[in-house]
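A quick write-up on the structure given underneath.
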There are 2 protein chains.
Amino acid sequence: MLPMKIEDEIKQSAFKSEYQKAYINLVYTSGYLQQNQAAMFKPFGITLPQYNILRILRGQHPKPATVSLLIERMLDKTSNASRIVDKLEAKELVTRKQCPSDRRTVDVLITDKGLELLRQMDDLEGGKGTGITNLTEEEAAQLNTLLDKIRD
Amino acid sequence: MLPMKIEDEIKQSAFKSEYQKAYINLVYTSGYLQQNQAAMFKPFGITLPQYNILRILRGQHPKPATVSLLIERMLDKTSNASRIVDKLEAKELVTRKQCPSDRRTVDVLITDKGLELLRQMDDLEGGKGTGITNLTEEEAAQLNTLLDKIRD
DNA sequence: GTACATTAAATGTATGTACATATATTTGCG
DNA sequence: CGCAAATATATGTACATACATTTAATGTAC
C-alpha cells in the first residue's frame, strides 16, 4: 500500500476535529492490519479468531480449557466461541469432550496437529510485516500509552 | 469499562515485544470503539457500515453515487456495497435506479428520510463518548501521526 | 427433595466480510 | 460490423459477529 495520510485514504477533505480524525484513523488502521494478517494466515488454512483460540489453548496445554474460559480470554468477548471451536474440531486441531465433574462444561484441548500448526505460524506473531514495525520501539510504546488511555 | 492496561484486559502477562503489544492493543482498542459505537447506533436502527454509506451519499447529495464510488470511498474497500445498499433501500433511506447513460451502473441517492436520520445522528460523530476524547487534542494529533506511519 | 434460579454451551437469525463467480453492458480491436 | 476484453453490479458460499433463545446440568431455597 502506498503511503497516505488518512485524509487521502478515505477522500474526506476535512475532519471536524482531531478527535474525529483519530477515531476514523484508528478504525481504518485496525482494518488495514487485520486484512494484512488475514492474508498471511491464508496459507495455513485458519482464520484470525481460530488462531486466537488456538493460542489460548496452547497457553493452557496440557490442561484443557472450557468454552467459558475461551470467551473470557478472547479479544472480542461477544463472539461465538462454540462455533469457532466447531471449525477447529472439524480440522482436527482441537478435541472436545464433556467434562465428567461438571457435565455442563466441555473440555477443549489442542491436538498435536494444532500445536504443530502453531509452531509453523509462530513467525507471524508480533505484527512482523504488518506495518507496525514502521514505528520505532519508542513510538510503539507511545502508541500503547495512548491506546490504554482511550480505553480508560 | 474500567481502566485497564492491555496486559490486564486480555490476561496475557508478557508480550514478546513492544511491537506485538502495540499490534494487539490496536486491534483490541479498535474493537472496543466499534462496539461502543454500535451500541450508540442501535436506537437509530442502522449499523456502522450502513451509516458510513449514508454519509458518503450525503456528501454527494443531491447528486447520486454509483456503487463503484461507494466502494471506493468506504473504509473497508472489500466489503459488499450492493448488499448494504439493499438494506438501506428496504428501510427507504436510499433509492436505487439504473443510470440511463450507462446501464451497467446504478444511481444510488439518499432520500429525505435518510437525510433526516443523519441529522438526528450528527451528534454521534467525532467519537464523542467513545473514549477517544480521553486524549488531549495534542495526544489525538500524536496518535494520528503514529497511525499514518503504520500504514506507510 | 422438589421448585426456581443460575450457569454452560449450543443453536437460531440477521448482518457483515471475503472471495469467487455470474450476468449484463460497454468498450475497443480486428 | 462482430466478437473478445473490460467494467459495473449482483449473487453464491463460507465464515465471523451480535444478540436472543434454547437446552441441559447444577446450585439453592424452602
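Hydrogens, waters and symmetry mates play no part in the numbers below; they use all other heavy atoms, side chains included. The sequence lines fix the lettering, A, B, ..., with proteins before strands; numbering per chain opens at 1.
Taking atom CG of A:Asp107 as the reference point, atom C1' of C:dA8 lies 12 Å away to the nearest angstrom. When rounded to the nearest whole Å, the span between CD of B:Gln50 and C1' of C:dG16 equals 9 Å. A straight line from CG of A:Leu48 to C1' of C:dG16 spans 16 Å, rounded to a whole angstrom. Atom CD1 of B:Ile71 and atom P of C:dG16 are 15 Å apart (whole Å). Following rounding to the nearest Å, B:Glu89 (CD) and D:dT9 (P) show an atom-to-atom distance of 14 Å. In this structure, the CG atom of B:Asp86 is 14 Å from the C1' atom of D:dG12, given to the nearest Å. Rounded to whole Å, atom P of D:dT9 lies 11 Å from atom CD of B:Glu72. Rounded to whole Å, the distance from CD1 on A:Ile84 to C1' on D:dA18 is 12 Å.
When each of A:Asn134, A:Leu143, A:Ile132 is tested with B:Tyr19 by the rule side-chain contact (heavy atoms from CB on, under 4.5 Å), just one qualifies, namely A:Ile132. When A:Leu48, A:Ile84, A:Thr47, A:Ile71 are each tested for a side-chain contact (heavy atoms from CB on, under 4.5 Å) with A:Ile53, only one passes: A:Ile84. No option in B:Leu57, B:Leu117, B:Leu118, B:Val85 other than B:Leu117 meets the side-chain contact (heavy atoms from CB on, under 4.5 Å) test with B:Leu93. When each of B:Thr29, B:Asn25, B:Leu135 is paired with A:Leu146, the side-chain contact (heavy atoms from CB on, under 4.5 Å) condition holds for B:Leu135 and for no other.
A heavy atom lying under 4.0 Å from DNA chain D marks the following residues of residues 61-70 of chain B, by number: B:Thr66, B:Val67, B:Ser68.
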Task: Pair B:Val108-B:Leu69, side chain to side chain contact (heavy atoms under 4.5 Å, CB included): steps then yes or no - done: CA-CA 10 Å; B:Val108 184; B:Leu69 184 134; over 6 Å; no

Open item on the list: Run the side chain to side chain contact (heavy atoms under 4.5 Å, CB included) test on B:Ile46 and B:Met121 for me, step by step, so that the C-alpha distance in whole Å, both residues' side-chain angles and the decisive distance to 0.1 Å come before the verdict.
Closed with: CA-CA 11 Å; B:Ile46 62 170; B:Met121 295 181 73; 3.9 Å; yes

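A donor atom on one side chain and an acceptor atom on the other are found under 3.5 Å apart for A:Gln120 and A:Glu116.
Here A:Arg96 reaches the OP1 or OP2 of C:dA10: one of its side-chain N or O atoms lies under 4.0 Å away.
The residue A:Ser82 sits close to a base: some heavy atom pair falls under 4.0 Å.
Here B:Glu72 contributes atom CD and B:Thr66 contributes atom OG1; the two are 8.0 Å apart, rounded to the nearest 0.5 Å. The line from OG1 of B:Thr136 to CD of B:Gln142 is 8.0 Å long, rounded to the nearest 0.5 Å.
Which of D:dA16, C:dG16, D:dT9 sits closest to the side chain of A:Lys87 comes down to D:dA16.
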Open item on the list: Generate the contact string for nucleotides 20-27 of chain C. Rules: B means base contact, S means sugar-phosphate contact only, - means no protein heavy atom under 4.0 Å.
Closed with: -----BS-

